[in-house]
Amino acid sequence: SVDRGQNAARDAYEDGAMGGSVSTSVAGIGSVKAKVSNSKTDVKTYGLSVTSGIFTGAWDKVGSADGALSLKAVVKF
């Protein structure tokens with residue numbers, strides 16, 4: 001999917017930012033999603049996540065800052 005400057009509620013356009021994401025299911029691994037966006041001020045955001053069962057591992061990077069790794073488990077009752 002490709003988004004062009006949509007706000008968090010996805011019902012209006014804001015600062016001219018552009019971005020997109022691709023998600024696919026990979027046998028034996030789970031769901032893999034890659035995303036990238038570029039703001040009007042040229043700050044690039046990258047993300048990669050893998051979801052398998054209740055676990056999601058993710059790497060995110062915003063601008064020139066170091067990337068961040070995360071691992072979370074979601075259990076619903």
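Treat the numbers as computed from the prediction; the structure is a model and nothing was measured.
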How far does CZ of Phe55 sit from CG of Leu71, to the nearest 0.5 angstrom? 7.0 Å

Within this structure, what is the OG-NZ distance for the pair Ser25 and Lys33, rounded to the nearest 0.5 Å? 14.5 Å

Is there a donor-acceptor contact under 3.5 Å from the side chain of Lys61 to the main chain of Gly63? yes

List for me each residue that meets side-chain hydrogen bond (donor to acceptor under 3.5 Å, both in side chains) alongside Thr56, sequence neighbours excluded, and say none if there are none. Thr51

Would you sort out whether Thr45 and Lys35 count as a side chain to side chain contact (heavy atoms under 4.5 Å, CB included), showing the intermediate values? CA-CA 8 Å; Thr45 302; Lys35 61 184 177 180; 5.9 Å; no

Hydrophobic cluster membership, with links at side-chain heavy-atom distances under 4.5 Å among I/L/V/M/F/W/Y: are [X] and [Y] in one?
X     : Y     : result
Val50 : Val26 : yes
Ile29 : Leu48 : yes
Leu69 : Val36 : yes

Closest heavy-atom contact between Trp59 and Gly67? NE1-CA, 3.7 Å

Inter- and intrachain pairs under salt bridge (charged side-chain N to carboxylate O under 4.0 Å, His left out), touching residues 43-54, at least two apart: Asp42-Lys44

